[in-house]
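Because only heavy atoms are used, hydrogens play no part in the values below, and waters and symmetry mates are left out as well, while side chains stay in. When a ligand or atom number is given, it counts from 1 through the structure's own listing order.
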Amino acid sequence: MKLSRKISLLSAVACGMMVAHGAPHAHAAHGSTDPADEKARQVLAHMSLEDKMSLLFSVDGGGFNGSVAPPGGLGSAAYLRAPAGSGLPDLQISDAGLGVRNPAHIRKDGAAVSLPSGLSTASSWDMDMARQAGAMIGREAWQQGFNVLLGGGADLTRDPRGGRNFEYAGEDPLQTGRMVGSTIAGVQSQHVISTLKHYAMNDLETSRMTMSADIDPVAMRESDLLGFEIAIETGHPGSVMCAYNRVNDLYACESPYLLTKTLKQDWHYPGFVMSDWGATHSSARAALAGLDQESAGDHADARPYFRTLLAADVKAGRVPQSRIDDMAQRIVRSLFAQGLVDHPPVRAPLDVVTDTLVAQRDEEEGAVLLRNEGNILPLAPTARIAVIGGHADVGVISGGGSSQVDPIGGEVVKGPGKKDWPGDPVYFPSSPLKAMRAEAPAAHITYDPGTNIAAAVRAARAADVAVVYATQFTFEGMDAPNMHLDGNADALIAAVAAANPRTVVVMETGDPVLMPWNGSVAGVLEAWFPGSGGGTAIARLLFGKVAPSGHLTMTFPQAESQLAHPDIAGVNANNVFEMQFHTDQELVYDEGSDVGYRWFDRNHLKPLYPFGYGLTYTTFATDGLVAGYHHKQLTVTFNVRNTGTRPGVDVPQVYVGLPDGGARRLAGWQRVKLAPGESRQVSVQVDPRLLAHFDGKHDRWDIPSGRFRVWLGHSAMDDSQQVSVHLSGRTLAP
Ligand code: BGC
């Protein structure tokens, strides 16, 4: 990674040390009248110190290759036996954010329905959809006996090659916070704790175990941390998982600045912090920094820190007992707050049909139509169509790692049998080809696997339209070594498009990719990792049964040279394990809070497809843009009209520019469903933090005085409608 400047981190480190050196801890229950706090206090009042300490340490639940589920555990990422007689439930802790995981296929009945990638859910810009998606996986977790789910992920996309971008929501803090927070709220509506992760700055996989993400704390508060802050306000997660990496030199799970100062004091977070698996490195140091529970500590960490070592720390006075009380209080409080005590899981068969429909609708809303020359889509129901590549005859690809769900119906593509993490890509048995045939029985649809380009070209020539499926497998533990589609996809698409310009590309990717053939194809649908209902969703979108309505939450660059960090040090496709430890030891995010589209805006760069972009099968017009400031609230009002001939969903977005310059910021959006000719006046209320700078000296948000620019657009690069509004400066109440 080319890094020009090492920023001054003195303030961050000073801030980081504050709590460890004696500043007051953030006690969850002090003065709280919350009933969950009160119930937790009552339970803990009768508990011995030893029993309280047993709440601070979960054991491996059988989640590691070769490990077995402990007695009482169901076989998952972790298990915690509740103290006998406490009336509290055991914690059955399972991955992850897209569905219930069955690590190493340990449970016989462990297959589950998988949502499309988090990126796809986010691209719907539909908080209600995200909530329903969360509720579906929360319900399946509960029905399988789990009460803690290890999702959702809210790390920002600082690099479009990030190996886990597909689990997250994208590059904007407001969008990420609202969408991930909504998913969390959905999960928790099912009496299952949802875990916001990986806090914080785990934006890359390369060297994730050792690297320090170095960033000015003010910029961090305005970007990555703002995403977490909004996710917490929106979803009230019962737990937060601290990340593997270091942040400004300190391990995230040992950072008083992150865990105590920001999360618990400034944001008043009442729940508990659990470590990522292998992210605890100390006992007193971590406990004093704000870590509340060590995860799978018997297996994942170098030592079981929060067992005998922490007990010895308490005995020696290195950790006050009040801190142990607070840790236990936070955990038990979340059990009551999320209904784990009153609504224990009842094992039941999954409602696969209903749940798959949720996953399908999520994908239908999240897929993004990037290109549609000459309205090639929707496809004619009687066309001769050559479907090519991507294993579209049997299924859709998924992302690898701890978010991987065992498909109901089994894996449909036999890979080469890769033994190393994360194994072969898993395809869910939701075949786009079969779904296309079912959707358009009068069409003539052939299939060619795309492995032999000459054969694929022949198939494309013989058809009215060619639909090429192309994949990019990404996974936890490694960043994408480049931004290309997998295998021969680029060459295949170029050759097919040369043979038949009426070519549509369906991309199933974990990240944005480069599209060297973009100008020569007629259509492009970005389907992300489409999930358990993916094949049906894609077919319905292609034939117009449902109109695409997704909008990008990540910038698609024209080239890697446009990125804030054009290369990632040490990306080595052959050795995932090494990569997590042994490359850059510091990554200076000197772009600060100008992540993604803000970087492009600040540097006047033109991307291939901008953040916020997405087409559909009708057209929309917006007008009447007014920005009004009343009672300290900026409200942006405008009209949206469906000017086309089909019903559709528009996602007009509001961006703001501060008087003292800087890149524009997404300030809000609306999702508007309109029939042809229908129009509606809508308004967007702007979160005041988007109008403010974070003042790191006083830990508060300040809105500057002056003229703010307000853009209404269909992407972050859309300058067509703009007004300005004068605001007098003020400090936001903490
Ligand atoms: C991942 C977490 C996951 C945990 C448990 C870690 O490697 O980073 O996201 O929840 O494992 O499987």
Side-chain angles (χ1 to χ4, degrees), residues 58-67 69 73-80 91-107 110 112 117-118 137 141 146 148-155 162-169 180 183-184 187 192-211 213 228 237-246 251-253 273-281 293-301 399-406 420-423 474-479 510 576-577 579-581:
S58 66
V59 297
D60 169 29
F64 289 84
N65 250 344
S67 67
L74 298 173
S76 68
Y79 171 71
L80 193 151
L91 299 190
Q92 304 282 2
I93 303 170
S94 172
D95 280 304
L98 310 181
V100 186
R101 181 167 189 245
N102 185 20
H105 315 293
I106 191 168
R107 302 188 311 278
S117 60
I137 60 173
F146 296 102
V148 181
L149 209 50
L150 302 172
D155 295 284
R164 300 186 83 173
N165 286 344
F166 74 91
E167 293 184 51
Y168 307 141
V180 175
T183 310
I184 288 170
V187 170
V192 171
I193 286 179
S194 190
T195 309
L196 179 65
K197 67 187 190 183
H198 308 87
Y199 183 71
M201 303 298 300
N202 188 178
D203 302 338
L204 280 180
E205 294 299 280
T206 307
S207 247
R208 66 174 173 163
M209 300 292 186
T210 48
M211 184 199 71
F228 281 101
S239 56
V240 170
M241 185 191 291
C242 51
Y244 284 130
N245 51 284
R246 293 179 289 135
Y251 278 115
C253 294
V273 178
M274 68 164 79
S275 55
D276 200 344
W277 274 232
T280 307
H281 302 280
Q293 190 179 77
E294 180 179 3
S295 302
D298 59 330
H299 199 133
D301 297 318
S402 61
S403 67
Q404 180 79 66
V405 174
D406 270 9
D420 300 343
W421 173 267
T474 62
F475 52 88
E476 175 183 343
M478 197 181 125
D479 300 310
V576 177
F577 187 75
M579 260 199 54
Q580 297 179 71
F581 293 89

Sequence neighbours excluded, which residues qualify as ring pair (Phe, Tyr, Trp, His ring centres under 6.0 Å) partners of Y251? H281

Contacts of type ring pair (Phe, Tyr, Trp, His ring centres under 6.0 Å), residue F166, not counting sequence neighbours: F529

Start with the C-alpha distance between H198 and R164, add both sets of side-chain angles, then the distance that settles side-chain hydrogen bond (donor to acceptor under 3.5 Å, both in side chains), and finish with yes or no. CA-CA 11 Å; H198 308 87; R164 300 186 83 173; 3.1 Å; yes

Between S239 and V273, is there a donor-acceptor pair closer than 3.5 Å when you use the side chain of the first and the backbone of the second? no

What pairs with S67 under side-chain contact (heavy atoms from CB on, under 4.5 Å), at least two apart in sequence or on another chain? D60, F64, H299

N/O pairs closer than 3.5 Å, ligand 1 and protein:
residue: ligand 1; atom: 7 (O); partner: Y244; partner atom: OH; Å: 2.7
residue: ligand 1; atom: 7 (O); partner: E476; partner atom: OE2; Å: 2.9
residue: ligand 1; atom: 8 (O); partner: R164; partner atom: NH1; Å: 2.8
residue: ligand 1; atom: 8 (O); partner: D276; partner atom: OD1; Å: 3.3
residue: ligand 1; atom: 8 (O); partner: D276; partner atom: OD2; Å: 2.7
residue: ligand 1; atom: 8 (O); partner: E476; partner atom: OE2; Å: 3.4
residue: ligand 1; atom: 9 (O); partner: R164; partner atom: NH1; Å: 3.4
residue: ligand 1; atom: 9 (O); partner: R164; partner atom: NH2; Å: 2.9
residue: ligand 1; atom: 9 (O); partner: K197; partner atom: NZ; Å: 2.9
residue: ligand 1; atom: 9 (O); partner: H198; partner atom: NE2; Å: 2.7
residue: ligand 1; atom: 10 (O); partner: D95; partner atom: OD1; Å: 2.6
residue: ligand 1; atom: 10 (O); partner: K197; partner atom: NZ; Å: 3.2
residue: ligand 1; atom: 12 (O); partner: D95; partner atom: OD2; Å: 2.4

Compare every heavy atom of Q404 with every heavy atom of G400, then report the nearest pair and how far apart it is. CA-OE1, 3.6 Å

